[in-house]
Amino acid sequence: SGGAEGWGDLHGVRVVVSAGGTREPLDAVRFLGNRSTGHQGFALAEAARERGADVTVVAAHVNLPVGEGIARIDVSTTAELGAAMRAQAESADVVVMAAAVADFRPAQVAGHKIKKSGDGGLTLELVPTEDILKRLTAARRPGQLVVGFAAETGDDSGSVVEHGAAKARRKGADLLCLNEVGAAKGFGDRPNAVRMLDAQGAEVASVEGSKLVVAHGILDQVVRLRHQV
Ligand code: CTP
Ligand code: CA
């Protein structure tokens, strides 16, 4: 589905999309971060705008311009992203967590630059960040849809789909968009393949193509779900 049939089907709907990757400061000059570029989140914002939505992106370190008519809020840390998303969610009809969120942050943030001590190593103590998606899902208003993403790799304890289904059940989002990540998939401005799971972990749709095509495929499901509530 290219979404052309969907022109205007999100008219007047308020959509909030997080994009990019959060960074957690370690000291005065360093941070823990990830390689997310924000392309998928920005493509979703663009696609939602094309379909008539009133769109806000909450961007964590995204080095891309937003399209015309899209509101942008820039944030850095997971705590900032969480606060911005909760504030926006109060008036949003559709909330999409496309950002790659740091799962941990350094327990202490040094005000100075951490120095080497001889040839010794360095052990960092990390503490968990808040789970923004879980909180948004728990606070969901009647009629509001919450969409999450999951970047999965297969491993000894399960396949991509098994991990994705377990995560869908754990998060409880209306739609969890699952993409397999690896060196050549998922990151940057490259073609993408996404499977969409419901809150029970069942696959409801899939879409493959450019990030804009994938974005429209996801929004097709958002429109379908909006008609169900
Ligand atoms: N997410 C979030 N807050 C976090 C971590 C993740 O809101 N602290 C959101 C992401 O934006 C995404 C979804 O949760 O929409 C799934 O993220 P993912 O990293 O795949 O799942 P985790 O629950 O963090 O599990 P893990 O990294 O261990 O696979
Ligand atoms: Ca994670």
Side-chain angles (χ1 to χ4, degrees), residues 15-25 31-45 48 56-62 73 75-89 92 94-107 126-140 144-182 185-187 192-199 201 203 211 214-215 218-219 221-222 225:
V15 176
V16 177
V17 183
S18 70
T22 59
R23 292 181 182 177
E24 302 303 327
F31 59 84
L32 300 181
N34 62 69
R35 293 194 282 124
S36 178
T37 58
H39 277 104
Q40 185 64 75
F42 271 43
L44 268 159
T56 299
V57 289
V58 180
H61 303 282
V62 180
I73 298 167
V75 297
S76 182
T77 64
T78 299
E80 288 169 13
L81 178 62
M85 289 304 287
R86 277 190 293 286
Q88 291 298 313
V94 180
V95 181
V96 184
M97 276 300 297
V101 182
D103 292 330
F104 301 95
R105 61 181 168 79
L126 305 178
V127 294
T129 56
E130 62 169 288
D131 191 323
I132 301 169
L133 178 60
K134 231 174 164 174
R135 280 182 70 171
L136 290 169
T137 302
R140 185 173 31 193
Q144 186 179 57
L145 289 175
V146 178
V147 179
F149 274 78
E152 292 291 341
T153 56
D155 60 27
D156 293 346
S157 67
S159 68
V160 170
V161 172
E162 286 165 345
H163 283 312
K167 187 169 289 179
R169 290 189 286 268
R170 201 161 64 234
K171 299 275 186 177
D174 299 291
L175 204 60
L176 190 77
C177 305
L178 180 64
N179 62 351
E180 191 172 352
V181 292
K185 274 194 227 164
F187 283 93
N192 214 4
V194 162
R195 304 187 213 217
M196 288 163 262
L197 311 182
D198 66 16
E203 184 169 333
K211 292 203 172 177
V214 166
I218 292 167
L219 293 176
Q221 295 306 308
V222 166
L225 288 168

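What you see below is based on every heavy atom in this structure, not just the backbone, and it leaves out hydrogens, waters and symmetry mates. Just follow the structure's listing: the first ligand is 1, and inside any ligand the first atom is 1.
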Would a 4.5 Å heavy-atom cut-off, applied to side chains only, mark T137 and K171 as touching?
no

Just jot down the ligand 1 atoms closer than 4.0 angstrom to any heavy atom of A151, in number order.
20 (O)

Could you measure the distance from the CE atom of M196 to the CG atom of D174? Nearest 0.5 Å is fine.
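If I round to the nearest 0.5 Å, the distance is 14.0 Å.
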
With nothing but distance in play, are any N or O atoms of [X] less than 3.5 Å from an N or O of ligand 1?
{"X": "A100", "answer": "no"}
{"X": "L176", "answer": "no"}
{"X": "A150", "answer": "no"}
{"X": "D103", "answer": "yes"}
{"X": "A98", "answer": "no"}
{"X": "K167", "answer": "yes"}

Taking only protein atoms, how many N, O or S atoms are found under 3.0 Å from the Ca ion (ligand 2)?
2

If you look at every heavy atom in V160 and L178, which pair is closest and at what distance?
O-CD2, 4.0 Å

What are the two closest non-hydrogen atoms of F149 and L44, and how far apart are they?
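Here F149 and L44 meet closest at CZ-CD1, 3.6 Å.
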
Side chain, backbone, both or neither: the part of [X] lying under 4.0 Å from ligand 1 by heavy atom:
{"X": "I132", "answer": "both"}
{"X": "S18", "answer": "neither"}
{"X": "L133", "answer": "both"}

Would K171 count as a contact of ligand 1 if the rule is a heavy atom under 4.0 Å away?
yes

Tell me whether ligand 1 is touched by T129 - counting only heavy atoms on the residue side and a distance under 4.0 Å.
yes

Between T78 and E24, does any side-chain donor sit less than 3.5 Å from a side-chain acceptor?
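Yes.
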
